[in-house]
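Read the structure below first, then the notes.
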Amino acid sequence: MKAVTVTHDLKIGFTELEKPLYRSAGAFVGGNIEIVRPRGLKRPYVMIANEEFLLLGLPKNEIGCYLYQTHLHGNPICGNFLIMKEEGPELVGLEDPEILQVIAAMLKVKDLLASDVWRRGRAAL
């Protein structure tokens, strides 16, 4: 099962996850997993994040915060996260064309977050 990876220091890639998913995904996010359905990702894509990020003091993930629209409600996404698909109650891996598409989208978000336009807008809040 393949997933796109986004680390807290904004490195974007992909990985092959093994079953059981809670173990291999949990190893990447550093603990118990939580499925997050951010407005910044179109369904069926979801983020798999660490559900105990506050207790663990994980660093903010700016791409995750952007997708989750933290700037609107204040609840951050912290640490590393994965992007997979949700089909009914199941999480499924991404096909190679989807991986390329999702990575390209994450790189666009990363570029936006590094832009002066985003920083000036955030400073105005």
Side-chain angles (χ1 to χ4, degrees):
M1 229 183 294
K2 294 179 183 176
V4 169
T5 59
V6 182
T7 64
H8 68 275
D9 56 353
L10 308 184
K11 293 180 181 152
I12 300 164
F14 71 95
T15 190
E16 182 81 34
L17 298 170
E18 297 182 14
K19 291 186 178 183
L21 185 61
Y22 75 90
R23 275 205 191 127
S24 58
F28 181 77
V29 302
N32 294 328
I33 64 170
E34 176 180 8
I35 299 169
V36 181
R37 297 167 188 88
R39 290 186 179 176
L41 278 179
K42 291 183 180 181
R43 294 196 188 270
Y45 299 107
V46 295
M47 293 179 1
I48 293 51
N50 186 309
E51 89 174 333
E52 299 177 315
F53 66 90
L54 287 175
L55 293 172
L56 298 172
L58 298 177
K60 268 189 185 178
N61 186 310
E62 293 299 327
I63 293 175
C65 289
Y66 177 84
L67 296 173
Y68 195 53
Q69 297 182 341
T70 297
H71 61 284
L72 297 177
H73 51 71
N75 298 315
I77 296 293
C78 296
N80 302 336
F81 69 89
L82 299 162
I83 297 176
M84 298 182 72
K85 289 190 304 188
E86 189 174 48
E87 289 182 2
E90 301 293 321
L91 290 174
V92 297
L94 304 177
E95 301 295 326
D96 290 344
E98 294 171 315
I99 289 170
L100 295 175
Q101 181 182 24
V102 171
I103 286 175
M106 295 304 102
L107 289 171
K108 284 182 184 179
V109 171
K110 182 178 176 179
D111 289 345
L112 171 68
L113 294 173
S115 74
D116 288 338
V117 172
W118 178 255
R119 284 193 292 249
R120 282 193 307 261
R122 295 281 296 149
L125 293 179

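Annotation: Gln69, atom CD; neighbour count of heavy atoms from other residues, nucleotides and ligands within 6.0 Å is above 12. In the displayed structure, Tyr45 atom OH is contacted under 6.0 Å by more than 12 heavy atoms of other residues, nucleotides or ligands.
Annotation: side chain of Leu94 is in contact with side chain of Lys85 (closest heavy-atom distance under 4.5 Å). Side-chain atoms of Leu58 and His8, non-hydrogen and from C-beta on, never get closer than 4.5 Å to each other. With contacts defined as side-chain heavy-atom distances shorter than 4.5 Å, the pair Tyr66/Leu112 qualifies. By the 4.5 Å heavy-atom criterion applied to side chains, Leu10 and Ile63 are counted as neighbours. No side-chain heavy atom of Leu21 sits less than 4.5 Å from a side-chain heavy atom of Ile48. Side chains of Val109 and Glu62 form no contact here, defined as non-hydrogen atoms less than 4.5 Å apart. A heavy-atom distance below 4.5 Å is found between the side chains of Lys19 and Met1.
Aromatic ring pairs are classed by plane angle as parallel below 30°, tilted from 30° to 60° and perpendicular above 60°; the pair His73 and Tyr68 is perpendicular.
In plain terms, the two heavy atoms of Ala3 and Leu17 that are nearest each other are CB-CD1, 3.8 Å. The heavy-atom pair separating Gly93 from Glu98 by the smallest distance is O-OE1, 4.4 Å. When all heavy atoms of Phe28 and Phe81 are compared, the closest pair comes out as CE2-O, 3.4 Å.
Counting only distance, with no hydrogens or angles, the side chain of Asn61 and the backbone of Asn80 share no donor-acceptor pair below 3.5 Å. No donor-acceptor pair closer than 3.5 Å links the side chain of Glu90 to the backbone N or O of Glu87. Here the side chain of Asn50 pairs a donor or acceptor atom with the backbone of Val29 at under 3.5 angstrom. Within the 3.5 Å criterion, the main-chain N or O of Glu51 finds no donor-acceptor partner in the side chain of Asn32.
In this structure, Lys2 NZ and Thr15 OG1 are separated by 10.5 Å, a value rounded to the nearest 0.5 Å. The CZ atom of Phe14 sits 8.5 Å away from atom CG of Leu100, with the distance rounded to the nearest 0.5 Å. Atom CG of Leu67 is separated from atom CE of Met106 by 4.5 Å, given to the nearest 0.5 angstrom. In this structure, Phe53 CZ and Ile77 CD1 are separated by 6.5 Å, a value rounded to the nearest 0.5 Å. Interatomic distance, CD1 of Ile12 versus OG1 of Thr5, reported as 8.5 Å (0.5 Å rounding).
Remark: Lys11 engages Asp9 in a salt bridge (charged side-chain N to carboxylate O under 4.0 Å, His left out) (not counting sequence neighbours).
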